[in-house]
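Remarks on the structure that follows.
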Amino acid sequence: MRYRQNWQGLLTICRKAGKLAMGLEPTKDALYHGIAAGVLTALDASEKSRKEAAFFSSQAEVPLIELPFSKAEMGQIIGRASGVLAVCDDGFFRRMQEIVAQGETRIE
């Protein structure tokens with residue numbers, strides 16, 4: 001329970017700070033321009049979206065994390081149902097990686 005609350009709080013703050021690119025195309029743009037610190041994918045993101053996110057994040061040498069949330073849950077947390085997100089702040093993404101180290105989320 002605490003694990004999910006950590007994610008919810010951090011994603012909400014990140015969105016309010018304007019440090020999330022929401023959607024596959026905005027994520028690719030953030031990676032292309034070098035402003036993405038990391039990429040997040042929802043559990044139920046389409047196979048094509050996950051493959052593209054993994055490809056573009058590896059090309060940009062940016063880590064990718066699979067979130068423990070569905071797109072619908074993401075919609076409740078950040079206000080927009082999206083399967084792929086780019087975090088455009090090193091501090092936020094570092095904290096997300098710490099949460100991953102404490103939980104069971106997959107990181108690539």
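Considering only heavy atoms from C-beta on, F55 stays 4.5 Å or farther from L64 through its side chain. When side chains are defined from C-beta on, Q97 counts as touching P63, because their heavy atoms get closer than 4.5 Å. In this structure the side chain of L43 reaches within 4.5 angstrom of the side chain of E66, judged on heavy atoms.
Exactly one of V39, L85, L40, T41 qualifies for a side-chain contact (heavy atoms from CB on, under 4.5 Å) with I65. That residue is L40. The side-chain contact (heavy atoms from CB on, under 4.5 Å) with K16 is formed by just one residue from the set I13, L20, T12; it is T12.
Considering CD1 of I35 and NZ of K19, their distance stands at 8.5 Å, rounded to 0.5 Å. Considering CD of Q59 and OH of Y32, their distance stands at 13.0 Å, rounded to 0.5 Å. Taking CD of Q102 as the start and CG of N6 as the end, the distance is 7.0 Å to the nearest 0.5 Å. Summarising the geometry, atom CE belonging to M96 is positioned 4.5 Å from atom SG belonging to C14; distances are rounded to the nearest 0.5 Å. Here F93 contributes atom CZ and E98 contributes atom CD; the two are 11.5 Å apart, rounded to the nearest 0.5 Å.
Between the side chain of E73 and the main chain of S70, a donor-acceptor pair closer than 3.5 Å is present. With hydrogens and angles ignored, the 3.5 Å screen pairs no side-chain donor or acceptor of R80 with any backbone N or O of G75. Looking only at distances, a side-chain donor or acceptor of D44 sits under 3.5 Å from a matching main-chain atom of K71. A donor-acceptor contact shorter than 3.5 Å links the side chain of T27 to the backbone of G23.
In this structure, E47 places its CD atom where more than 12 heavy-atom neighbours from other residues, nucleotides or ligands lie under 6.0 Å away.
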Subject >> side chain to side chain contact (heavy atoms under 4.5 Å, CB included) between F69 and L11, worked out >> reply: CA-CA 11 Å; F69 302 108; L11 285 168; 4.3 Å; yes
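Between S57 and A54, the shortest heavy-atom distance links the atoms OG-O, 3.1 Å. Counting all heavy atoms, side chain and backbone alike, S82 lies closest to A42 at O-CB, 4.1 Å. Heavy-atom minimum distance, D90 versus A37: OD1-CB, 3.3 Å. In terms of heavy-atom proximity, L31 sits nearest to A60 at CD2-CB, 3.9 Å.
The pair E52-K28 meets the salt-bridge criterion, since a charged nitrogen lies less than 4.0 angstrom from a carboxylate oxygen.
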